[in-house]
Number of protein chains: 2
Amino acid sequence: MLLEYTILGLLSEKPMTGYDLKKVMAASSCLYWSGNNNQIYKALLSLVGQGCLTSETIHQDSAPSKKVYAVTDAGRQALSAWLASVPVEPPEFRNPFLVQLSLAVFAAPGRVGAMLTQYREELELRQAMEHERHRRRQGVMSWLDRQLFANLDRFYQAELDWADQALCEWQQRSEENP
Amino acid sequence: MLLEYTILGLLSEKPMTGYDLKKVMAASSCLYWSGNNNQIYKALLSLVGQGCLTSETIHQDSAPSKKVYAVTDAGRQALSAWLASVPVEPPEFRNPFLVQLSLAVFAAPGRVGAMLTQYREELELRQAMEHERHRRRQGVMSWLDRQLFANLDRFYQAELDWADQALCEWQQRSEENP
DNA sequence: CATGCCATGTAAGGCGTTACATGATTTC
DNA sequence: GAAATCATGTAACGCCTTACATGGCATG
């Protein structure tokens, strides 16, 4: 559902092919789908069937033919009707590391410190990658882009702060109960 | 995979039935599976097949028979081998609200303010629920429990702070470009 | 000569969810 | 008398992922 409306939204800005959509999704940090063919091409077909999109086939000489999709009035209406009706959804925060950590505390306490350190490093790496992406686009960031970046950055920062404190408390605990 | 090892971990603390596991998962905030029958009973069967669990059927007079599962030595070994070998996994943060917001900025800018406010309220509610759970268990919280709570709380707080700032910046922007 | 990009699509399967089915006992 | 708890399991389905298939063109 969300994916279909997302496609509708992306195509509202400018008509695109399925291949373009795939790249946009892969490049975005908030569009969390993998951007795989199966979903995108099926969704496009479905949206055309619902009258929300039109498709125009363009033949190219030095590349395979492509289908450019554009949003219809019905599509624009469907999108805004949906936006007006859906309740805001809560974020879902799935952290397999927390599960791993819980298991380790009982089954391999010796590894807890190393795991926390590794987690920290992983987070720092990802945060740095996001910062790099941000740096490169400086100047061409819209209000929305800035908010999306800020959201992700706060998330990473919160996790990093947590990891620091958890590691600190773990070391204290290890000294007390050796 | 993770689910199976999680079950192994939970049963390491004490033998339980599938029904018990379901309740433990539903009660946990870091065990993000819905705790549905289909997965749990299948996983238990699979783990028995792998020799990681034994099951003992217990007949009860005033309730249906139940199967109590316990971890074998092979199971304990499999768990610690896995813990020693898996790399720490990064958190996956899927926030459908960010997608909704992105769409709204273009397709329904008039709703953006209300959406941010609603998101804030939703977050506050969930944070309050977590605090309540925390308050009730005060005193019986292990180091791990405290860390898991702290992690979730930092997450909510980061989102709340973000929402505040986004709302503030949105209102400023609205005044500048009316 | 290999790799990668452009571009569309299909196939197979894993993971996860809700809902269904059963049936006795306890609680309001 | 209705609803929840205990307890195990099945069925159907949706979502999402990887991998496969095709084939020309460009780049190193």
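Worth knowing before you read on, the calculation uses all heavy atoms, side chains too, and leaves out hydrogens, waters and symmetry mates.
Spacing between atom CG of A:L21 and atom P of C:dG9 amounts to 12 Å, rounded to whole angstrom units. Put simply, CD on A:E56 is 13 Å from P on C:dT8, counting in whole angstrom units. Across the protein-nucleic acid pair, A:D20 atom CG and C:dT8 atom P stand 7 Å apart, rounded to whole Å. Rounded to an integer number of Å, the gap from CG of B:L3 to P of C:dC15 is 10 Å. Going from atom CG of A:L44 over to atom P of C:dT8 covers 9 Å, rounded to whole Å. Atoms NZ (B:K23) and C1' (D:dA4) sit 12 Å apart, rounded to a whole Å. As rounded to whole Å, 9 Å separates atom P of D:dC16 from atom CG of A:L2. B:K22 has its NZ atom 14 Å from the P atom of D:dT10, to the nearest Å.
Judged by atom type and distance alone, B:N36 does not reach the base of C:dG16 through any side-chain donor-acceptor pair under 3.5 Å. Under 3.5 Å, the side chain of B:N38 and the base of D:dT10 form no donor-acceptor pair of N or O atoms.
Side chain of B:K67, nearest nucleotide from D:dC15, D:dG9, C:dT8: D:dG9. Which of C:dA7, C:dC15, D:dG9 sits closest to the side chain of B:Y69 comes down to D:dG9. Among C:dC6, D:dA19, D:dT8, the nucleotide with an atom closest to any side-chain atom of A:Y19 is C:dC6. For A:W33, the side-chain atoms get nearest to D:dC16 when compared with the rest of D:dA19, C:dT17, D:dC16. Side-chain atoms of A:S34 lie closest to D:dT17 of the nucleotides D:dT17, C:dT25, C:dA7. Considering only the side chain of A:Y41, C:dA7 comes nearest among D:dG9, D:dC20, C:dA7. For B:P64, counting side-chain heavy atoms from C-beta on, the closest listed nucleotide (C:dG23, D:dT17, D:dT8) is C:dG23. The nucleotide whose nearest atom lies closest to any side-chain atom of A:S62 is, among C:dT26, D:dC6, D:dC25, D:dC25.
Aromatic ring orientation, B:Y119 versus B:W162: perpendicular (interplanar angle above 60°, classes split at 30° and 60°).
Contacts between residues 5-18 of chain B and DNA chain D, defined by a heavy-atom separation under 4.0 Å, are made by B:T17, B:G18.
B:K42 comes within 4.0 angstrom of nothing in the nucleic acid, heavy atoms only.
Salt-bridge check for B:R173 with B:E176: failed, with every basic side-chain N at 4.0 Å or more from each acidic carboxylate O.
B:Y69 contributes atom OH, which lies 9.5 Å from atom CG of B:L11 (distance to the nearest 0.5 angstrom).
Along DNA chain D, the nucleotide closest to A:N37 and the one closest to B:N37 are compared, and the more 5′ of them pairs with B:N37.
Between the side chains of A:H131 and A:D153, a donor-acceptor pair is found at a separation under 3.5 Å. Side chain to side chain, A:E4 and A:S46 meet the donor-acceptor criterion of an N or O pair below 3.5 Å. Side chains of A:Q157 and A:D161: a donor on one and an acceptor on the other come within 3.5 Å. For B:E159 and A:N151, the side-chain atoms include at least one donor-acceptor pair closer than 3.5 Å.
Here the two rings, on A:F93 and B:Y32, have centers that are 6.0 Å apart or farther.
Distances shown here put every side-chain N or O of A:Q60 at or beyond 4.0 Å from the OP1 or OP2 atom of C:dC6. For C:dC15, neither phosphate oxygen OP1 nor OP2 lies less than 4.0 angstrom from any side-chain nitrogen or oxygen of B:Q39.
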